[in-house]
Structures are given as C-alpha cells and as structure tokens.
Amino acid sequence: MARLFIAEKPSLGRAIAAGLPKPHKNHKGYIETAQGDVVTWCIGHLLEQVEPDAYDSRYKKWDLADLPIVPEKWQLRPRQAAAAQLTVVKKLIKQFDQLVHAGDPDREGQLLVDEVIDYAKVSANKKANIKRLLISDLNLSAVKKALAQLQDNKAYMPLSVSALARSRADWLYGMNLSRAYTLLGKQAGYQGVLSVGRVQTPVLGLVVRRDQAIDSFVPHPFFQLDAIIAHPEGEIRARWQPSEACAKWQDEQGRVLSRPLAENVAQRIAGQTATVTEAERQQRKQAAPLPYNLSALQIDASKRFGFSAQKALDVCQQLYERHKLITYPRSDCRYLPKGHFAEANKILGAIKQGCETLSQACEGADTKRKGKAWNDSKVGAHHAIIPTAKVAPTSLSADEAKIYQLIARQYVMQFYPAAEYAEGKLIFDIAGGCFIAKGKVLTLAGWRALLPTNNTADSDAAPLPLMEKGEQGRCERGEIKDCMTEPPAAFTESTLLQAMTGIGRYVQNKALKEILRETDGLGTEATRAGIIELLVKRGLLTRQGKTLHASASGKGLIAALPDSATYPDMTADWERQLQDMADRQCAYHPFMQELTAQVTGLIETVKTSPPPASLSDLPAAPTKSFARKGRRTSGYRKRTAKAKPAANTKSTATSARATKARRKAAK
C-alpha cells in the first residue's frame, strides 16, 4: 500500500525521500518516489488560532466588559503564508489510505501534523492506522533505520494533547490579560499596548527588578588585606581570611568594612613567620566546550561582536537556508549523533578550504579523537549546530563570515586535546591568622590554542612555588587594597539570554526550581530572541548601548500586575502539569478549567480595581493592534526532545522533561 509521509518541514521531507526508493519526481509541495510513496511537508504550523473576533464580531472592539474571552469550541484557520502548502497537503491526504506522521519527535512536532490531519477531516478508521516516523538525525543511514521502525501514532497522542493545552492556555492567558491591562492603562491615560504573556512578562520582570536593584544600590567601602611572603622563586601573595571574631566588621559577603581592623592585622603580620598548614597541587583537564546550540551561539555572538539575539538568529538562517553552510540553527541541543563522526574529515576539509583563519587549525585536528560531544542519548529532535561539508564561498557578508567562523571553530575544537592546568593552593598561618594563596598556570593549551590570542591563557592567578606542609617563609608586609562595592550589572543581550536559560535561580517557589532547570528556562531556543524584540517593539524594554533597561511603561506594567504574573513560577507550574499530561498522569480538561478560573479571577480583580497609579503619567507608546504570536513556523522553532510512547510512562517522562514552553509571547 502506497504511503503519504507528512514531514514537519521541507528539509526533513527531502531527507525522508532520500531514504526511499528512486527515481523520484519532484512536484510543487511534495516528492513522489519509485514505489508510489509520496513525501509532503508542512512549513512549521500550517494552521493558527483565530483572533477573538472570529468567535464573536463584538470582540473587534476591546471592552473590559467582554472579558474574559473563553472559546466554547476552539477554531483554527490556515496561516496565510502557508495556505498554498496546506492545500497541497489536504489534497494528498484524501488520496492516500496510509498516512505516516513525520513531525519532529517532540510535543510540538506531534501537534503540528496531528492538527493538519484533524483539519482535513480524516475518518476515524483511517486515523486508527496512522504510523509515526521518528527522525532526529538526517544522515541517510539514520533515516533508513527510522523508516524500518515505524510505530503507531496513537502511542504519541498524549504529547499532542499536551502541546494543544499549552497553545490554548497561552492564548487564554495572554489574550485576556493583554486586553485587560491595556484597557486598564488606557483608563490611567496610557495609550500603548501593554502586552502580557506567560513568558514575556517574567522576562520583563527580570529586567525591571535588576534596574530597581541598580537604582537603589548604595555603595560602601571595603578592604582586602594580602600578606606578601618572601620566597626564592618570587613573592607569594596570600589573602587574609577573617575569623569569626571579626564577623561584626564584615558584611553578608564576608567583606571587611573596617580599615583600622585591616591596618591592625597588617601591622601584626609584618616580619612574622608564615607557616604552611596545607599544601595542595593538582593537574586539571578542561575538555573543549560542546558545539553550539542557538542560545550559546547567540550569547557568544553578543559578547564577541555585539550582535543582538535576533541578528545572530537572522544571520544563522541565511547560512542555513541560502548558503547551506550550517545545520539546522534553531536547535536546543549541544550534542551530535555518533553517526556524524564519520563526516568529520569532509567537514574539516570544507572548513579548511573555505575559512582561511581556521585552515591551520584544521590541519592540527585529530579526526580519530572522539569526545563527549558525540552522544546519541543526548540528541533530541535536533543535534548541535555545526558546519556542513559545503565550502564557504568568498561572497559571504562580514556578519555571515563572523557567525560561520564561530560555529566552525567550535566544531574544530572537538578534535583537539583537553587544556591542562597546574593548580596550587597554599594555606599559611601568620601570627595566628589564616591566609590563602592560589595559583593556576596553563601547561597545555589543547583546544584553547584555537581561541583568539587574548583568551588563550585563562589563568586567573599566578603560579605558586612548590612548598610543603610545615615549611616556613617570612611575611615581609601586609598590603591593604581600598575597594568599593558595585551595583549589579545591567542586563545585556547576552546576560539576559543567560538568565532566561538559567531561570531556575529566579524562581520564588523552591519546589518549582528543578522543573525550570529540567525544561531549560524561559522561552525556547527559537523564541528567546523574539521575546526580547517584542518587548522592545512594545516599548517595554529599551536598548541603551549594549545594555537593556525597562522603560517607564515596562516598570509601570510590572508594578500593576500581581507577582504571580511577573515571576517564572507560573511557567514552571504549567510545565509540570503539561509534562504530567504527556505522561497520562494529568487530564486536559482539569488543567484548562483551573486556568480559566485563574484568568477569570485576574480579570475580575482588574474590573473592580481603580487604575493603578503606576500606569499614570507614562510617556506615549506606539499604538498597534493586538496580534497573537507564537506558533511554530518555518522560522519559529521549539525546544525539542526525543519523543517516547506516552504509554511508557518512564520513557516518556525522560523525554518530555527535556521539552519546554513553546510560545513566543502570548499577548
């Protein structure tokens, strides 16, 4: 029986077709193979949720009395940019009795194809026979292996239900709260859109609270005391460690606040014997950093070149789509399938030929070295971002060349030995006081030889001479350094991305910290740049040079909202319930009922409260119609995780914990 394969995107569709018998016939929107099988594809989500006025025309006008808007029967419509491909897919679905679901192996990939099948009104009997193809590696051998292991699509339906619940929940929360607070702001005199979302608002909250910490910061002096100890190989600088008796002269971080105290200790130790009470020496190896995922690449591009997250993503898309020089860029994974190791010589050859700055590095690479990056168990729906075996043309723009070289260098590093350090620690007793000296020296550069010159040493302390426990020296003097506490640093593009990926430390509820740690933070690899840009576009964040700050309207919105909307705890709680749903431990309806009640309660609070003072006297912002965003398109990717049959609770739990919230920003 001929089969219709429905892939999530064209590149996956072409990879599937390559694993099927030839010759092939290419048609507009699908590929026909030799034995009658046909491969077609989506372009991300072919469907999108309708706007509120599709449910009732009165919702075209924003009115607090109409809130909350809770659809009785949810509706989807064709996404305008993908309408032609949807027509192709629907037509093909009607022609085939055997369908093969080939969405990405994560919960959003499961929903993306399932919703098209539902939209095409496939019969129950036909649905019961749908197969599931799971591909996370586009190498031909891996694709053929997956084609020989088709499974029943029914086993993965809980993933689809979980993604559907997330999508609808984001719509309910974002659409209603955005309208409510925009109208509340209007009552207070603010004319802009006050966009609220489960992900974007906690991100805004991070920046607001950091700005407040900077504004309220009061600097105070503190003092560091070093003992200068004579040694034939050079003086040793050992930092004083105050005892508990000095606690009343220290701040919470243990910094000494009294200069007379430091002066007194400095006088006592001058000319005294320094006896080694502990001596440690060790060799430490540091393996090469893993290949990039999108967030890590965006962070480095921001640090090195000052690129915004969106610019880095846009350049990556050009390298991927136009030049075919890198693998799929919206990946959240930093590991590679073991099968890719065989491609190393080809890829290194392409880098050597097309990237002159890395030519010598490629010659020194050991292609027999197989590091920790190659690990099938840690590869989800996509693998790390690496170069392809195509040679880079000389026509690359300056920005394209910069990003390509970053990705290529990170890949070449995998074939270099670990960097090695000699580290030492000496603890001295001087006149009854404890002083610690630390030393570190790079003994073998290894992969660090590939870094820019100013980054190769990576030594944060001078090397220490060899001394043994009980050995003595002479403290020549004590040196006091006058210091001043500094406010926390304002967020930059890179540090905000780092905060979003490590959001667990900002969660108030300790029980929820682990959930956000497992789901890798706020937003997804594909959406974080868009979230930042959206907040800037809405006038809630502003760029000031390299730093990001909350605008007056951003601060006003956070002050007006309840804390539950401005911290990431709610996202963690949603993820816990959505994970349980994927594991068949939680049902769709209770989750949605609880959320609807929560949204209704928040709306009632807005209706019965006076306009918040924080929204008064704000500067005008661009007034734009409200448009919901957030579904996956060919340019919108989600956190991915290797899918497991939901019937197997343990395996599904492992897989789905690696997934996370999929939305760009509900408004």
Side-chain angles (χ1 to χ4, degrees), residues 48-77 161-188 190 192-202 204-205 534 538 540 556-567 569-571 573-575 577-578 581 586-612 614-615 624-631 661-667:
E48 64 184 5
Q49 291 187 45
V50 299
E51 297 298 319
D53 58 86
Y55 295 107
D56 193 316
S57 59
R58 77 175 190 271
Y59 295 148
K60 285 185 178 180
K61 181 181 178 181
W62 291 22
D63 190 332
L64 203 55
D66 290 332
L67 302 180
I69 301 169
V70 182
E72 291 185 8
K73 185 176 181 180
W74 291 85
Q75 299 177 31
L76 295 174
R77 68 183 179 190
V161 172
S162 176
L164 184 65
R166 190 277 313 152
S167 175
R168 291 177 176 177
D170 274 345
W171 191 99
L172 272 179
Y173 183 84
M175 192 69 73
N176 282 291
L177 270 293
S178 292
R179 288 193 174 208
Y181 278 88
T182 296
L183 292 169
L184 200 60
K186 188 174 182 180
Q187 293 175 16
Y190 182 71
V193 173
L194 291 174
S195 160
V196 180
R198 175 178 61 93
V199 174
Q200 64 170 276
T201 304
L204 176 61
L534 177 66
R538 289 295 185 200
L540 301 174
L557 176 58
I558 293 300
L561 285 163
D563 282 351
S564 62
T566 68
Y567 283 90
D569 299 54
M570 186 180 68
T571 287
D573 190 41
W574 279 27
E575 279 300 319
Q577 295 182 68
L578 292 171
M581 205 176 297
C586 172
Y588 166 87
H589 290 291
F591 171 78
M592 294 300 294
Q593 288 170 355
E594 181 181 346
L595 175 67
T596 301
Q598 179 186 0
V599 170
T600 300
L602 290 170
I603 296 297
E604 287 304 313
T605 300
V606 170
K607 288 180 178 180
T608 57
S609 302
S614 66
L615 299 180
K624 300 190 179 186
S625 61
F626 176 74
R628 185 185 59 84
K629 297 182 180 181
R631 288 168 72 75
R662 312 286 189 187
R663 294 288 301 241
K664 193 184 243 184
K667 291 182 179 180

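All heavy atoms count here, side chains included; hydrogens, waters and symmetry mates do not.
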Open item on the list: Taking atom NZ as the centre, does Lys607 end up with more than 12 heavy-atom neighbours from other residues, nucleotides or ligands that are less than 6.0 angstrom away?
Closed with: yes
TODO: Applying side-chain hydrogen bond (donor to acceptor under 3.5 Å, both in side chains), name anything that partners Asp53, two or more places apart in sequence or on another chain.
DONE: none
Open item on the list: If I take atom CG from residue Leu64 and atom CZ from residue Arg179, how far apart are they, to the nearest 0.5 angstrom?
Closed with: 11.5 Å
Task: Shortest non-hydrogen contact between Gly556 and Ser614, atoms and distance - done: O-OG, 2.8 Å
- [ ] Identify the heavy atoms of Ser195 and Leu540 that sit nearest to each other, and give their distance.
- [x] O-CD1, 4.0 Å
Open item on the list: For a 4.5 angstrom cut-off between non-hydrogen side-chain atoms, does Glu594 reach Gln577?
Closed with: yes
- [ ] Under the side chain to side chain contact (heavy atoms under 4.5 Å, CB included) rule, collect the residues that match up with Leu561, sequence neighbours excluded.
- [x] Tyr181, Val196, Thr201, Leu557, Ala565, Thr566
Task: Under 3.5 Å: donor-acceptor pair, side chain of Tyr55, backbone of Gln75 - done: yes
Open item on the list: Are Ile69 and Trp171 packed together at the side-chain level, in the sense that at least one heavy-atom pair is separated by less than 4.5 angstrom?
Closed with: yes
Task: Taking every non-hydrogen atom, the tightest pair across Met581 and Ala165 - done: SD-CB, 3.7 Å
- [ ] Measure the CG-CZ distance between Asp573 and Arg198 for me, rounded to the nearest 0.5 Å.
- [x] 11.0 Å
Open item on the list: Counting C-beta onward and ignoring hydrogens, is there a side-chain heavy-atom pair between Pro71 and Gln49 closer than 4.5 Å?
Closed with: no
- [ ] State the NZ-CG distance between Lys61 and Asp66, to the nearest 0.5 angstrom.
- [x] 9.0 Å
Open item on the list: Ignoring hydrogens, what is the shortest heavy-atom contact between Pro68 and Asn176? Give both atom names and the distance.
Closed with: CA-OD1, 3.1 Å
Open item on the list: Any salt bridge linking Asp56 with Arg58? Criterion: basic side-chain nitrogen under 4.0 Å from a carboxylate oxygen.
Closed with: yes
Task: Contact check, side chains of Leu172 and Met592, non-hydrogen atoms, under 4.5 Å - done: yes
